[in-house]
Amino acid sequence: MSMDPALNSPRLTPPKSRLARPLLTAFALLLGCVLLAVYALGSGTLSLSAHQVIDALRGEGPKNLSVIVTQWRLPRVAMALVLGAALGISGAIFQSLMRNPLGSPDVIGFNTGAYSGVLIAIVLFNGSISEITAGAMAGGILTGLLIYWLAWRKGVQTFRLIVVGIAIRALLIGTNTWLIINASLESALTAGLWSAGSLNGITWQKSLPAIGVIVVAVLLAQMLCRRMRLLEMGDDTASALGVPVERSRLLLLLTGISLTAAATAVAGPISFIALVAPQISRRLCANQQQPLLFAALTGALLLLAADVTAQRLFMPYQIPVGVLTVSLGGIYLIVLLIRESRR
């Protein structure tokens with residue numbers, strides 16, 4: 001009896017390879033975050049073994065080691081992961097909306113707008129951490145709405161949005177410089193340290209307002225993920241499939257800005273994580289059903305790795321993590337521009 005060849009068709013075979021690679025990639029990224037976090041919690045002036053770190057996290061072992069791990073080092077490591085994930089998701093949203101690898105909040109200027117809000121809260125009002133977070137959110141959202149309005153011409157085109165964003169960013173940089181020059185010495189020093197992008201001195205108390213914003217924004221981003229993927233197919237196709245195009249684009253824009261602004265409120269403008277993380281995650285796994293998840297894991301791993309490197313590279317001195325990300329991200333941006341110009 002002959003067998004129907006259609007039964008052996010590859011199309012009828014479960015696509016195990018398509019499922020296996022995303023799972024393995026996600027597991028590898030998550031494992032990298034965990035291992036690097038344990039290393040970061042154990043390294044420093046007082047070095048601890050992985051066993052001591054785990055005991056301290058479980059509330060066991062000497063009390064002084066528990067204080068070092070859970071109160072001194074854990075907030076910095078945890079916020080590096082959280083902020084890196086937020087920046088990765090933000091970058092994935094903007095690059096998807098603009099269908100352009102240069103569509104990043106730090107290139108367009110949204111994080112500069114958030115930093116302007118932080119400067120106003122610090123320099124003009126001597127604000128608390130909650131007021132600084134509110135200032136970052138207001139600055140980022142107002143900047144985003146202004147860029148969106150100026151780029152609007154019966155719809156928003158990617159190239160116009162990027163060009164308008166770069167122009168607004170240049171104006172904001174000049175405004176920020178003027179604010180720092182005219183500030184008091186104490187406010188100028190605080191603002192200058194903030195502008196470098198640093199996780200030094202971070203605590204749970206300083207982080208809680210931003211964590212609340214990030215959680216809400218991540219949930220909203222996940223709810224809008226399907227619309228985001230349909231918008232990648234083009235406005236006409238997305239509209240034919242029942243997606244309210246402009247409303248969805250504006251909601252995604254505000255969500256991405258909120259993630260960037262929250263990260264800026266805590267650590268200052270950390271550049272290029274949002275630009276690089278989505279690109280790396282796509283190269284690790286091109287067939288992604290959950291692009292925001294992969295961008296979040298990649299961003300978390302990148303920012304924690306950059307912070308650990310910034311702490312250890314010039315021991316006993318520490319450089320702000322933003323300085324390192326700008327240096328490495330600038331090289332990546334040059335390579336990306338050259339590659340795009342050759343297409």
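Since we're looking at a predicted model, the values are computed, not measured.
- Ion pair R249/E246 flagged as a salt bridge, since at least one NZ, NE, NH1 or NH2 atom sits closer than 4.0 Å to an Asp/Glu carboxylate oxygen.
- Under a cut-off of 6.0 angstrom, the local environment of CZ in R99 is crowded, with over 12 non-hydrogen atoms contributed by other residues, nucleotides or ligands.
- By the rule that hydrophobic residues join a cluster once side-chain heavy atoms approach within less than 4.5 Å of another member, F27 and L301 end up as members of separate clusters.
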CA sep, side-chain torsions, deciding dist, call: L254, L145, side chain to side chain contact (heavy atoms under 4.5 Å, CB included)
CA-CA 8 Å; L254 293 176; L145 293 176; 4.1 Å; yes
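- L31 and L297 sit in two unconnected hydrophobic clusters of ILVMFWY residues. Membership requires side-chain heavy atoms under 4.5 Å apart, directly or through other members.
- Identified under the ring pair (Phe, Tyr, Trp, His ring centres under 6.0 Å) test for residues 63-103, with sequence neighbours left out: F94-F110.
- Separation of atoms CD (Q318) and CG (D307) is listed at 8.0 Å; rounding is to 0.5 Å.
- Under the 3.5 Å distance criterion, the side-chain polar atoms of R73 are matched with a main-chain donor or acceptor of L41.
- A single hydrophobic cluster is seen to contain both I257 and L171, as judged by linkage of ILVMFWY side chains at heavy-atom distances under 4.5 Å, directly or through other members.
- Looking at S47, its side chain never comes within 3.5 Å of a backbone N or O of S43 through a donor-acceptor pair.
- For T325 (side chain) and S271 (main-chain N/O), a donor-acceptor pair under 3.5 Å exists by modelled atom type.
- Taking each heavy atom of P278 and G88 in turn, the nearest pair found is CG-O, 3.8 Å.
- Counting heavy atoms from C-beta on, the side chains of S248 and L231 come closer than 4.5 Å.
- Across all non-hydrogen atoms, the minimal contact from R160 to A151 is CD-O, 3.0 Å.
- Residue I202 is grouped with residue W204 when hydrophobic side chains (ILVMFWY) are merged at heavy-atom distances under 4.5 angstrom, including chains of intermediate members.
- Distance alone, capped at 3.5 Å, is enough to place a donor-acceptor pair between the Q95 side chain and the L275 backbone.
- A donor-acceptor pair is defined here as one N or O able to donate and one able to accept, closer than 3.5 Å; no such pair exists between the side chain of S96 and the backbone of A92.
- In this structure, N64 places its CG atom where more than 12 heavy-atom neighbours from other residues, nucleotides or ligands lie under 6.0 Å away.
- Listed for the S90 side chain is no donor-acceptor partner under 3.5 Å among the backbone atoms of L87.
- In the hydrophobic clustering of ILVMFWY residues, with side-chain heavy atoms under 4.5 Å counting as a link, L219 and L293 come out together.
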Is there a side chain to side chain contact (heavy atoms under 4.5 Å, CB included) between L65 and L46 once you walk through the steps?
CA-CA 9 Å; L65 296 185; L46 177 62; 3.9 Å; yes
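- At least one donor-acceptor pair closer than 3.5 Å links the side chain of R283 to the backbone N or O of Q279.
- The backbone N or O of P244 sits nowhere less than 3.5 Å from a side-chain atom of R227 that would complete a donor-acceptor pair.
- Closest heavy-atom contact between T143 and G113: OG1-CA, 3.2 Å.
- Between atom CG of residue L48 and atom CD1 of residue I54 there is a gap of 12.0 Å, rounded to the nearest 0.5 Å.
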Show your reasoning for whether side chain to side chain contact (heavy atoms under 4.5 Å, CB included) applies to V276 and L328.
CA-CA 10 Å; V276 175; L328 298 178; over 6 Å; no
Step-by-step side chain to side chain contact (heavy atoms under 4.5 Å, CB included) determination, I180 to V123:
CA-CA 8 Å; I180 293 175; V123 173; 5.6 Å; no
